[in-house]
Amino acid sequence: CKECWTTLGKGGDRDEGMMGAAGTPILTNPLPQERGGNNSFTHEALTLKYKLDNQFELVFVVGFQKILTLTYVDKLIDDVHKEFRDKYRNEFQQKGALGLLNGTFDFKDDFMRLLRDAEESSKVRAPTVMKTFEQSLKSQKTVKCMIETRGEKPKEKVKNKKNKGSKKDGTEAVAAPSKASAGDKQLSAAGDKEELTKDEILQKNREEFFRRHMKAGEKSRSPKPDAQKEKGKKPRVWDLGNSNAKVLDYSNSATNGSAEACPVEEFDPDMALGDKNREPGRLYDLEYESDDEAEEEKVVQNPSKPSVKKGGLGGMFGMLKGLVGSKSLTREDMDPVLEKMKDHLIAKNVAAEIAVQLCESVAKKLEGKVMGTFTTVTSTVKQALQEALVQILQPQRRVDVLRDVMDAQRHRRPYVVTFCGVNGVGKSTNLAKISFWLIENGFSVLIAACDTFRAGAVEQLRTHTRRLNALHPPESHGGRTMVQLYEKGYGKDAAGIAMEAISYARNQGFDVVLVDTAGRMQDNAPLMTALAKLIAVNAPDLVLFVGEALVGNEAVDQLVKFNKALADHSMAQTPRLIDGIVLTKFDTIDDKVGAAISMTYITSKPIVFVGTGQTYCDLRSLNAKAVVAALMKA
């Protein structure tokens, strides 16, 4: 596990702060390399490659002689990582990595099988052997069958035409079996006596052709119905609406200023859920289909397109122009490629400052590295940048909301989550999605309406509460109301409402409290002070920053100033900052996913949830590889 992993840093640098059981220095930081750093270490004649598992805090290391060129090492370590993690997943979740240090793992047979598979996959396939003349179809033809005389059609073409005619006859027979059945019997009986002449067949086909067109003309001249004669504007009737004014009047509602359950409303659940084939309670990963396979197929289909610009030798040297063989990379080699990569990242909505820092990190990592034969500078830089981006999107601290809620249940207290962010990013909408996800996992939710400023904020949460109670009525949960709204109207102190809601949830046995706050700009000092007060007074278990995926440089400014305001206005010695990110409106950006990189890079905090639509089921967890694939797409 990571806690007992010895240092693999360059030059033997070691941390003297922690010692192992045998006096071996141990790394205090679980990640020995900086973000975007190398994952290999060379010592004398040996080379070590390692891979980190942030979820279970494991390190997988493979060692081999440096003189060997093993192309299957990366595949082997990936396969071992996946096999070992899946095999012992339950033990890790129950005891943790540290609880299994003294145990033994029966993994030898699995490892040998994976090693054999990796070795077999790396073997070069033997070239295909050409057929001899005797094995070809041409050798089976005689000279006589290849001679054609004038005026005589080839036999193969005649056969093909006969086959086509038979297919047409077959389709016509299938299209009208009832009509042809009686006619076939008559023709077969008459065919025994006499055959029709060619003129009679032509005449019969013409009559049939005219008969069909006459029927089609009568259908096309059929009069149109007079149903659309009435003109005028009619009021639109909404599916989820209600024409009764008394039902829509909430001025004297009994739920305002209390925590009573909202009345259940009947509506179509398919519109609120969207995906009918989903697994209840499961948080699916983001999916992205890359176009690399299609591009590879195009390259394979056109393998030989000669370049005739500079002649034979010129074309060959042009192909080898970008290749490097046994040469150390310099900054001059990488600068043109890094400049293009930086512009590409900025075009994909990555903040300009962060794009520059990423390219600088990749340049420092690759400078002086010896390249292999037939390896281009562009592919090397692109691969290093992809690895750096994946590591950025997989921060050290992983937020597992369901595990933390169950831990709070054991201590008989509610798990409190506070949502904050700028105006209009979707805090209330995604709070409702997270409520639906928690309810489907069996947890009761109390929503605290602490946005006492925006008009309609309380009514919006009340509507979501009615919808959620309609989808999960108390009858389906043993008479227990799974979601309630705690609100005190408008113009009140948000910190006081949150405190009362947490106390109410503790007394009533709610599992989770979701605190909705008012949207505020990061430059508004009074509102930022009020948010810092709410967080400092109530001490929530999780503080989530809600940001939209449409922003670029603004994402960095928002997160930096939100964290700074929480630190400056906090009364505690160790101020409470943002713990995670909710990335919203992800379905509106296509492949411009740079905001995810900007937010995680600037805060080193994980993206816990991703909003991808308008229904309650449109909530996903971040898939780092899918985001990087979309980001690197040309």
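Please read all numbers here as calculations on a predicted model, not as lab measurements. What you see below is based on every heavy atom in this structure, not just the backbone, and it leaves out hydrogens, waters and symmetry mates.
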(request) For residues 76-87, pull every pair meeting side-chain hydrogen bond (donor to acceptor under 3.5 Å, both in side chains), keeping only residues two or more places apart or in separate chains. (result)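 Qualifying pairs: Lys51-Asp78, Lys51-His81, Asp53-His81, Lys75-Asp79, Glu83-Arg113, Asp86-Arg89, Lys87-Asp110.
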
(message) Is it the case that the side chain of Lys348 and the backbone of Ala630 share a donor-acceptor pair, with hydrogens and angles ignored and the cut-off at 3.5 Å?
(response) yes

(request) Please confirm whether the backbone N or O of Pro540 pairs with a side-chain atom of Arg576, one donor and one acceptor, at under 3.5 Å? (result) yes

(message) Could you check whether atom NZ of Lys625 has more than 12 heavy atoms from other residues, nucleotides or ligands sitting under 6.0 Å from it?
(response)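 Check fails, neighbour count at 12 or below.
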
(request) Give a yes or no on whether Glu119 atom CD has more than 12 heavy-atom contacts from other residues, nucleotides or ligands under 6.0 Å away. (result)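 Counting other residues, nucleotides and ligands, CD of Glu119 exceeds 12 neighbours.
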
(message) Working to the nearest 0.5 angstrom, can you tell me the gap between Lys633 NZ and Lys592 NZ?
(response)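 Result: 9.5 Å between the selected atoms.
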
(message) Between Gln522 and Glu554, do the side chains contain a donor N or O and an acceptor N or O under 3.5 Å apart?
(response) yes

Is the shortest side-chain heavy-atom distance between [X] and [Y] below 4.5 Å?
X      : Y      : value
Val350 : Leu631 : yes
Lys382 : His344 : no
Asp541 : Val417 : no
Lys433 : Thr429 : yes

Heavy-atom closest pair, residues [X] and [Y]:
X      : Y      : answer
Ser428 : Gln460 : CB-NE2, 3.6 Å
Ile77  : Lys49  : CD1-O, 3.6 Å
Ala595 : Ala549 : CB-O, 3.7 Å

(message) Can you classify the ring geometry of Phe436 versus Tyr616 as parallel (below 30°), tilted (30 to 60°) or perpendicular (above 60°)?
(response)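 Judged by the thresholds at 30° and 60°, the geometry between Phe436 and Tyr616 is parallel.
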
(request) Decide, yes or no, whether a salt bridge links Asp407 with Arg403 under the criterion of side-chain N to carboxylate O below 4.0 Å. (result) no

(message) Checking side-chain contact (heavy atoms from CB on, under 4.5 Å) between Val608 and each of Ile581, Asp579, Leu544, which is the one that passes?
(response)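 Single pass found, and it is Leu544.
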
(request) Please lay out, stage by stage, how Asp523 and Lys561 fare under the test salt bridge (charged side-chain N to carboxylate O under 4.0 Å, His left out). (result) CA-CA 8 Å; Asp523 299 322; Lys561 290 187 177 179; 2.8 Å; yes

